[in-house]
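Take a look at the following structure, please.
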Amino acid sequence: MTASSSDGSVDLVTLGQRLRHLRRSKNMTLDQLSSAVGRAPSQLSLIENGKREPKLSVLQAIAGALGVPMQDLLRPEAPSRRAGLEIELAHFQREPAYQALGLPMVRGGRRLPADALESLIGLHRELTRVLTEQSATPEVARRANQQLREQMRERNNYFADIEQAAAEILQSVKHTTGPLSQRGILDIAAQLGFTLHYVPDLPDSTRSVTDLRNRRIYLPQVASNKGHDPRAVVLQTLGHFVLGHEDPSDYGDFLRQRVEANYFAAALLMPEKFAVDFLRDAKADRALAIDDFRDAFGVSYETAAHRFTNLATHHFGIPVHFCRVHESGTVYKAYENDGVRFPADVTGAIEGQPVCRNWASRTVFQSANPYSSFYQFTDTVGGTYWCTVHVESTRSGEFSVTVGTPYEHARWFRGGDTTRRTVSRCPDPDCCRRPPAALVEQWAGHAWPSARVHSHLLAALPPGTFPGVDAQDVYEFLERRVQS
């Protein structure tokens, strides 16, 4: 339990507990301390109970009367295990979930037996766990993701505050040109007070583990075997601290933090100034290409595609859409601000929905050479769109990564003069959802497919301090590291 709240102010409950502990250790009554500092006992009682924030002058007077440095009053840790439990109980009872129950507040003073206090804390922790698990059901998760996508669309997927944070970090390590090197990443970590340690036994459910006590970031020795750019993993981890993230309060907060940390990493790997200069020159030559953007900064195609969506509309007025689609036709990720109509369920969720068979994200898999540059125009009910697609192979199968834009903006891109063109009438079921009448007549009533469930779309976010991560694995891992 820390003494800092989300806005950086002093945790009044912890302050009150430390004041009471120090007063009693000096064998002083509340009346005696009151006389020494010239304040009413009732005012000091409110401070000790965490219900009033004292002025600096009052804190100085209290510290003087107790004969201790003022920083002893402001330390973030509880003065004892019992006090820590009382602080935790007070915080639990201030949560909206508990207050909504209409139950009375229980004071954690000396009159409350230790076993009763332990029992109350256990019940509150379990209540928090259950509520966390319920709040991360698939439906809630999909709604939260849809809300986040709407927020990204409203700002054209451009986060000025994160761009500024990344620029300040780059300036602090004197990075003046081009892509960010591994040396630059080490400098950034050191600048933020962290050291990097590559280990062979990182828990399977993690991409990295940070030891906040010793300011160490543990990473897998071969990060690429998990499908992640090792540089991005480091920068995403550092991004959580630079951006002031705390434990996620719900699934929406968890998703927001992931998006922000990923954005921060991309803004360092592909700094805005240099990336915009590169894209501006390419646009002037009518040769915008995600492949070239990727190669210029030494990142993955998907990172380059994401970064393009950050900058294209804000700097060049080019509306875009992005999607990552499995070879089965299922959408895994998507974003748009160009009006393209992604398939969606009744909640507006896109993930898990099948893409039209005539979209470039699907037709690329039918190409004679799907791994070369692939361009296509698609006439849809909402207009004509041009797309460039790249196929990547992963342990989960093949995925297409698509960046598209309305017809009138295709002229700025390499491949914008392609003659490949398809027509999509989706969501009309006669487009590609409904089989031909001859097949229906032949097989209706004579086929029984067993559907494969997309378990990643149905699984709730596991409860705990670290969403999606086995906390015990993390703690045992850190304990091994400390002991070694």
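Since this is a predicted model, take the numbers as computed values, not measurements. Hydrogens, waters and symmetry mates are skipped; everything else that's a heavy atom, side chains included, is used.
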* Asked: So do the side chains of Leu59 and Leu74 get within less than 4.5 Å of each other, counting heavy atoms only?
  -> yes
* Asked: Are any non-hydrogen side-chain atoms of Val58 and Ile62 less than 4.5 angstrom apart?
  -> yes
* To do: Flag yes if more than 12 heavy atoms outside Arg82 fall under 6.0 Å of its CZ atom; otherwise flag no.
  => yes
* Asked: For Phe264 and Leu238, which heavy atoms make the closest approach, and how far apart are they?
  -> CE2-C, 4.4 Å
* Asked: Are Asn262 and His306 close enough, and set up right, to give a side chain to side chain contact (heavy atoms under 4.5 Å, CB included), and what steps lead you there?
  -> CA-CA 10 Å; Asn262 290 343; His306 272 298; over 6 Å; no
* Indicate the ring-plane relationship of Phe399 and His326, choosing parallel, tilted or perpendicular according to the 30° and 60° boundaries. => perpendicular
* To do: Taking side chain to side chain donor-acceptor pair (under 3.5 Å) as the test, write out the residues that go with Lys333, two or more places apart.
  => Glu302
* Charged N to carboxylate O below 4.0 Å: is that the case for Glu48 and Arg24? -> no
* Check against side chain to side chain contact (heavy atoms under 4.5 Å, CB included), Phe342 and Tyr335 -> CA-CA 9 Å; Phe342 285 119; Tyr335 161 80; 6.0 Å; no
* Any side-chain heavy atom of Leu66 within less than 4.5 Å of one from Leu19? -> yes
* Structure fact -> Rounded to the nearest 0.5 angstrom, the OH-CD distance for Tyr98 and Gln93 is 4.5 Å
* Option passing side-chain hydrogen bond (donor to acceptor under 3.5 Å, both in side chains) with Glu260 (candidates His240, Gln236, His245) -> His245
* Examine distances only and state if a side-chain atom of Thr313 and a backbone atom of Thr309 form a donor-acceptor pair shorter than 3.5 Å. => no
* **Nearest atoms (heavy-atom pairs only) where Leu219 meets Arg207** => CD2-O, 4.2 Å
* Asked: Hey, is CD on Gln182 packed in by over 12 heavy atoms from elsewhere, all under 6.0 Å?
  -> yes
* **Spatial distance of atom CZ (Arg143) from atom CG (Leu148) [nearest 0.5 Å]** => 15.5 Å
* Asked: Is a side-chain donor or acceptor of Arg149 paired with a backbone partner of Ala334 at a separation under 3.5 angstrom?
  -> yes
* Asked: If you measure from CZ on Arg256 to CG on Leu243, what distance do you get to the nearest 0.5 Å?
  -> 9.0 Å
* State whether Tyr218 and Arg216 meet the cation-pi test: NZ (Lys) or CZ (Arg) under 6.0 Å from the six-membered ring centroid, and within 45° of the perpendicular axis. => no
* Asked: Do Phe316 and Trp412 come within less than 4.5 Å of each other through their side chains, counting heavy atoms only?
  -> no
* Provide the closest heavy-atom pair for Ala266 versus Thr303 in the form atom of the first, atom of the second, distance. => CB-CG2, 4.5 Å
* Say whether, by atom type as modelled, one donor and one acceptor occur between the side chain of Arg215 and the main chain of Thr195 under 3.5 angstrom. => no
* Heavy-atom donor-acceptor pair, Thr330 side chain to Gln353 backbone, under 3.5 Å -> no
* Structure fact -> So CD of Glu351 and CD of Gln146: to nearest 0.5 Å the spacing works out to 8.5 Å
* Going through the checks in order, is the side-chain hydrogen bond (donor to acceptor under 3.5 Å, both in side chains) test met by Asp338 and His409? -> CA-CA 11 Å; Asp338 61 357; His409 295 281; over 6 Å; no
* Kindly indicate, with the supporting measurements, whether the criterion side chain to side chain contact (heavy atoms under 4.5 Å, CB included) is fulfilled by Arg294 and Asp291. => CA-CA 5 Å; Arg294 169 200 61 191; Asp291 309 72; 3.9 Å; yes
* Indicate yes or no for a side-chain donor-acceptor contact from Asn49 to the backbone of Lys51 under 3.5 Å, with no hydrogens or angles considered. => no
* Structure fact -> Separation between OG (Ser119) and CG (Leu112), nearest 0.5 Å, reads 10.0 Å
* Structure fact -> Closest heavy-atom pair, Ser34 versus Ala40, reported as atoms and distance to 0.1 Å, is OG-C, 3.6 Å
* Side chains of Phe194 and Val234: closer than 4.5 Å at any heavy-atom pair? -> no
* Asked: Residues in side chain to side chain donor-acceptor pair (under 3.5 Å) with Thr402, at least two apart?
  -> Ser361
* Asked: Looking at residues at least two apart in the chain, or sitting in another chain, which of them share a salt bridge (Lys or Arg N to Asp or Glu O under 4.0 Å) with Arg125?
  -> Glu88
* Using the salt bridge (Lys or Arg N to Asp or Glu O under 4.0 Å) rule, collect all pairs that involve residues 165-174, keeping only residues at least two apart or in two chains. => none
* If you look at every heavy atom in Leu196 and Leu186, which pair is closest and at what distance? -> CD1-CD2, 3.5 Å
* To do: Answer yes or no: is there a donor N or O on one side and an acceptor on the other, between the side chain of Asn156 and the main chain of Asn310, under 3.5 Å?
  => no
* Please check if any side-chain donor atom of His175 sits under 3.5 Å from a side-chain acceptor atom of Asp187, or the reverse. => no
* Asked: Taking all non-hydrogen atoms of both residues, which atom of Thr14 and which atom of Glu77 are closest, and how far apart?
  -> CG2-O, 4.0 Å
* With sequence neighbours left out, write down each residue that passes ring pair (Phe, Tyr, Trp, His ring centres under 6.0 Å) with Phe297, or none if nothing qualifies. => Phe293
* **Ser45 side chain to Ser42 backbone, donor-acceptor under 3.5 Å** => no
* Leu15 side chain reached by Pro54 side chain, heavy atoms, under 4.5 Å -> yes
* Between CG on residue Leu56 and CE on residue Met70, distance to nearest 0.5 Å -> 5.0 Å
* Side-chain heavy atoms of His390 within contact of Ile290, under 4.5 Å -> no
* Let me see the working for His91 and Val13 under side chain to side chain contact (heavy atoms under 4.5 Å, CB included), right down to the final yes or no. => CA-CA 8 Å; His91 281 294; Val13 178; 4.1 Å; yes
* Would you call Glu163-Arg307 a salt bridge at under 4.0 Å N-O? -> yes
* Asked: Quick one: salt bridge (Lys or Arg N to Asp or Glu O under 4.0 Å) pairs with a partner in residues 97-118, sequence neighbours left out?
  -> Arg81-Glu118
* **Sub-4.5 Å side-chain heavy-atom contact between His315 and Leu279** => no
